[in-house]
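Here is the structure we will look at.
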Amino acid sequence: MGNSVITMRGLCKSYKNQEVLHDFSLIVERGHICGLIGPNGAGKTTIMKILAGLFFPTKGELELFGSSENLDNSRARMSFMIEQPIIAGSMTARENLQYIRYLRGYPDERRIDEILDIVGLASTGKKRANKFSLGMKQRLGIGKALLPKPEIMVLDEPVNGLDPEGIVEVRQLIKRMQEEWGVTVLISSHLLSELSELCTDFSIISHGNLIENLSREELLVRCRNHIALRTDDINKTAAVLEDKLSIHDYKVIHGEEIQIFERLGDIHHISKTLTDNGLVITKLNEEGQNLEDYYLEKAGGRNE
Ligand code: ADP
């Protein structure tokens, strides 16, 4: 694939004899922000640990920067923040970054100021990291990950537990990383709404299964407007839609409502056909599906 920097094909992972990741596949394109979305225990951290080389997959293929060879060399071009960022609480933000710079031997000291500025910690001065808010700690963790100028950042639940202000700050930081430095980002969350504005692509997983990979545009189309319909006989309504109106793109919700995703301009014709067939319509109007409802339905299992 032309511009893909991460390719996972059919990845499986078992702990002891239990498979917690089944046949997971995902392609991340350079410069994209891909959201790995799934409830707790879905397998997000497991996928990230496989990417980081902390776990070997039981099955499947992994390519980084277009190659499955020399993965450790490729990983040197990536940064990972998996689970909690490791921060020395007795050190300031600058000292934390300096420590990593010495440890890894990064020559450019000016980068410390650049990073403190981009992560919004330039004015924290002598304040020790153990006095930082959770959001500040997350931003410092991201700053540490940015130090080696990675081409890809893998961030595991970086907004988990943050207050709304902290979430906005971390999101803005990730957007800046992508826009100004061209960093590709794989980021996980158990809430689609936290990342829906940020990500260019989404991978929805549940119980170790890939539910759907889709672009932001596709997600918006899926949450598109539909006709919401209730009648006195849902089964007969579904039959009339199929047989008399050739409508197949619809969904029955809780056995009591039908959402029709096609022929939105045809509402009068649909209404007439249903009444001509003896149905009593109790609701018929155009609505849009909420993003979080879409995700919950996908990750939590279909209603029908
Ligand atoms: P998520 O990051 O989406 O919350 P995880 O990847 O952490 O999910 O976990 C996926 C599943 O794998 C869970 O059922 C979890 O209990 C299990 N799991 C994770 N790590 C281990 C481990 N080291 N040993 C055994 N089971 C594990």
Side-chain angles (χ1 to χ4, degrees), residues 6-28 32-64 71 75 78-87 134-135 137-139 141-142 144-145 150 152-163 166-167 170-171 174 184-214 216 219 291-302:
I6 300 174
T7 303
M8 294 178 256
R9 277 192 217 99
L11 290 185
C12 300
K13 173 70 189 167
S14 298
Y15 294 116
K16 305 214 165 91
N17 283 328
Q18 200 182 354
E19 196 169 83
V20 297
L21 189 65
H22 326 284
D23 199 19
F24 180 81
S25 297
L26 174 66
I27 292 175
V28 182
H32 285 215
I33 302 178
C34 180
L36 193 54
I37 316 286
N40 289 332
K44 304 180 295 295
T45 305
T46 301
I47 292 165
M48 291 182 161
K49 285 186 171 173
I50 291 172
L51 280 176
L54 298 171
F55 287 160
F56 285 109
T58 329
K59 261 194 267 174
E61 288 171 45
L62 172 63
E63 280 178 18
L64 298 172
L71 289 179
R75 286 181 179 116
M78 304 167 69
S79 274
F80 299 89
M81 194 173 91
I82 296 179
E83 294 170 338
Q84 296 301 313
I86 299 161
I87 285 165
L134 195 55
K137 286 182 184 158
Q138 289 297 72
R139 283 185 279 131
I142 294 173
K144 283 172 67 181
I152 304 175
M153 294 268 284
V154 176
L155 304 170
D156 190 12
E157 299 256 10
V159 298
N160 193 18
L162 300 189
D163 58 20
I167 293 175
V170 170
R171 275 200 305 238
I174 292 166
T184 305
V185 181
L186 180 67
I187 177 171
S188 68
S189 178
H190 58 284
L191 293 171
L192 175 60
S193 54
E194 284 182 347
L195 300 185
S196 60
E197 298 288 316
L198 175 70
C199 295
T200 53
D201 304 271
F202 299 88
S203 181
I204 299 178
I205 60 167
S206 177
H207 302 294
N209 291 302
L210 171 65
I211 305 294
E212 193 169 33
N213 287 329
L214 73 176
R216 185 172 160 69
L219 179 68
L291 214 61
E292 204 63 32
D293 287 348
Y294 174 81
Y295 158 64
L296 286 175
E297 187 198 316
K298 287 280 173 189
R302 282 194 168 279

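Atoms within a ligand are numbered from 1 in the order they appear, just like the ligands themselves. Small disclaimer: the values here were computed from a predicted structure and weren't measured.
H207 contributes no side-chain N or O that, together with a main-chain N or O of V20, makes up a donor-acceptor pair within less than 3.5 Å. Proximity of a side-chain donor or acceptor of K144 to a complementary backbone N or O of R139 within less than 3.5 Å is not detected. T7 places no side-chain N or O within 3.5 Å of a backbone atom of I27 that could act as its donor or acceptor partner.
A salt bridge between K13 and E19 is absent, with no side-chain N of the basic residue lying under 4.0 Å from a carboxylate O of the acidic one. E157 has a carboxylate O that lies under 4.0 Å from a charged side-chain N of K44, or vice versa, which qualifies the two as a salt bridge.
Near T45, meaning under 4.0 Å from any of its heavy atoms, are these atoms of ligand 1: 1 (P), 2 (O), 6 (O), 7 (O). Of all atoms in ligand 1, listed by their number and element, those nearer than 4.0 Å to a heavy atom of P39 are 3 (O). Each of the atoms 5 (P), 6 (O), 9 (O), 10 (C) of ligand 1 lies under 4.0 Å from some heavy atom of T46. Less than 4.0 angstrom separates some heavy atom of A42 from each of these atoms of ligand 1: 1 (P), 3 (O), 8 (O).
Donor-acceptor pairing under 3.5 Å is lacking for the side chains of Y295 and S193.
Atom 13 (C) of ligand 1 has as its closest protein heavy atom G41 O, 3.7 Å. Among protein heavy atoms, atom 19 (C) of ligand 1 sits closest to Y15 CE1, 3.4 Å. Nearest protein neighbour of atom 8 (O) of ligand 1, counting heavy atoms only, is G43 N, 3.1 Å.
Atom 3 (O) of ligand 1 has its nearest heavy-atom neighbour, among E19, K44, Q18, in K44.
Contact annotation for atom 15 (C) of ligand 1: protein absent (non-hydrogen atoms, distance under 4.0 Å).
Expressed to the nearest 0.5 Å, how far CD of E194 lies from CD1 of I37 amounts to 9.0 Å.
Ring to ring, F202 and Y294 are not that close: their centroids are 6.0 angstrom or more apart.
Counting heavy atoms under 4.0 Å from ligand 1, residue S188 does not touch it at all.
The shortest N/O to N/O separation between N40 and ligand 1 does not fall below 3.5 Å. In terms of polar-atom proximity, V20 is not counted as a contact of ligand 1, lacking any N or O under 3.5 Å from an N or O of the ligand.
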